[in-house]
Enquirer: 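The structure that follows is given in the form of structure tokens.
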Amino acid sequence: SFRPGWFADSLAGWREPLALLWLDVDLYQSARDVLAGALPALDPRGAIFSHELLVGHLEDGEIVHAGEPPGALRDVLAERGLAYRAEHAAGWTGVVTFPESPARGAERLLAALLDHLRDGDHRARAARQAMGLRNALRDLGRRTRSAIFGAR
């Protein structure tokens with residue numbers, strides 16, 4: 001369901017049970033707002049996928065990055081005393097699982113969803129558009145050379 005508004009308002013008091021939380025925000029405070037509203041509803045066997053969780057943000061299964069959404073995720077989990085394991089999955093995406101989570105299942109779920117998620121990802125769209133532009137410019141160059149120098 002679509003809930004318009006700021007995360008702090010639209011997710012306040014979220015009570016519907018969650019098995020999976022997809023966190024795709026760009027600001028520290030936005031991540032905290034999402035987690036404040038949704039984390040209490042996350043099943044202890046669930047998982048959190050974060051779009052901003054890079055390899056360099058992790059060390060030995062813990063989030064070490066202090067800023068941006070990874071830092072907010074780390075801070076909220078620490079404040080709530082929740083044990084977790086964080087792993088980089090692919091691209092910009094990482095997964096956080098808990099002691100009761102079937103971690104291997106979370107990775108299989110991500111693998112199954114990754115192509116679909118890439119389609120909705122603004123960075124992937126921009127890369128595809130750039131490749132399309134590059135290909136169009138290359139084709140224009142070929143046609144221009146052909147028009148000037150004749151077909152070869």
Enquirer: Check the hydrophobic clustering (I, L, V, M, F, W, Y; side-chain heavy atoms under 4.5 Å; chains of links allowed) and say if Leu21 and Val25 are grouped together.
Expert: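 Linked, Leu21 and Val25 end up in one cluster.
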Enquirer: Could you tell me whether Glu16 and Arg3 have a side-chain N and a carboxylate O separated by less than 4.0 Å?
Expert: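 Between Arg3 and Glu16 there is a salt bridge, with a charged N closer than 4.0 Å to a carboxylate O.
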Enquirer: What's the spacing between Ile48 CD1 and Tyr84 OH if we round to 0.5 Å?
Expert: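 One finds 10.5 Å between CD1 of Ile48 and OH of Tyr84.
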Enquirer: Measure the spacing between CG of Leu54 and CD of Glu68 and express it to the nearest 0.5 Å.
Expert: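 Atom-to-atom, Leu54:CG and Glu68:CD are 8.5 Å apart.
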Enquirer: Answer yes if Trp14 and Leu82 sit in the same cluster of Ile, Leu, Val, Met, Phe, Trp and Tyr residues linked by side chain heavy atoms under 4.5 Å apart, and no otherwise.
Expert: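 Trp14 and Leu82: one cluster.
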Enquirer: Do Leu53 and Tyr28 share a hydrophobic cluster (ILVMFWY, side-chain heavy atoms under 4.5 Å, transitive)?
Expert: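 Each belongs to a different hydrophobic cluster.
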Enquirer: Begin from the C-alpha positions of Phe7 and Leu35 and carry the test side chain to side chain contact (heavy atoms under 4.5 Å, CB included) through to its verdict.
Expert: CA-CA 9 Å; Phe7 296 126; Leu35 293 166; over 6 Å; no
Enquirer: Do NZ/NE/NH1/NH2 and the carboxylate oxygens of Arg32 and Glu79 come within less than 4.0 Å?
Expert: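 Judged by the 4.0 Å cut-off on N to carboxylate O distance, Arg32 and Glu79 do form a salt bridge.
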Enquirer: Go through the steps to decide whether Phe49 and Leu23 satisfy the test side chain to side chain contact (heavy atoms under 4.5 Å, CB included), and finish with yes or no.
Expert: CA-CA 6 Å; Phe49 290 94; Leu23 185 63; over 6 Å; no
Enquirer: On a heavy-atom basis, which atom in Ala31 and which in Ala72 lie closest, and how many Å separate them?
Expert: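 Answer, listing the atom of Ala31 first, then Ala72: CB-CB, 3.6 Å.
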Enquirer: Compare every heavy atom of Val64 with every heavy atom of Gly56, then report the nearest pair and how far apart it is.
Expert: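 Nearest heavy atoms, Gly56 then Val64: O-CG2, 4.2 Å.
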Enquirer: Compare every heavy atom of Gly46 with every heavy atom of Ser101, then report the nearest pair and how far apart it is.
Expert: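 Nearest pair, atom of Ser101 first, then Gly46: OG-O, 2.6 Å.
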Enquirer: Looking at every non-hydrogen atom in both residues, tell me the closest pair between Ala8 and Ala12 and how far apart they are.
Expert: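 Answer, listing the atom of Ala8 first, then Ala12: O-CB, 3.3 Å.
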Enquirer: Please report the interatomic distance NE2(His65) to CG(Leu58), rounded to the nearest 0.5 Å.
Expert: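 One gets 10.5 Å once the value is rounded to the nearest 0.5 Å.
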Enquirer: Side chains of Phe98 and Leu42, heavy atoms from C-beta outward: is any pair under 4.5 Å?
Expert: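 Yes - at least one pair of side-chain heavy atoms lies under 4.5 Å apart.
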Enquirer: Compare every heavy atom of Pro99 with every heavy atom of Ala83, then report the nearest pair and how far apart it is.
Expert: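 The pair with the smallest heavy-atom distance is O-CD, 3.3 Å.
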Enquirer: I'd like to know if the side chain of His57 reaches the main chain of Glu52, judged simply by a donor and an acceptor atom lying under 3.5 Å from each other, with no hydrogens or angles considered.
Expert: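 Judged by distance alone, yes, a pair lies under 3.5 Å.
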Enquirer: Ignoring hydrogens, what is the shortest heavy-atom contact between Pro4 and Ser10? Give both atom names and the distance.
Expert: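 Between these two residues, the closest heavy atoms are O-CB, 3.6 Å.
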Enquirer: Just wondering, more than 12 heavy atoms not from Arg80 lying within 6.0 Å of its CZ?
Expert: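 Atom CZ in Arg80 is packed in, count exceeds 12.
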Enquirer: Given 3.5 Å as the limit, does a donor-acceptor pair link the side chain of Thr93 with the main chain of His51, or not?
Expert: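 No; zero donor-acceptor contacts below 3.5 Å.
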Enquirer: Does Leu77 reach the side chain of Leu39, with side-chain heavy atoms less than 4.5 Å apart?
Expert: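 A side-chain contact exists here, since the closest heavy-atom pair is under 4.5 Å.
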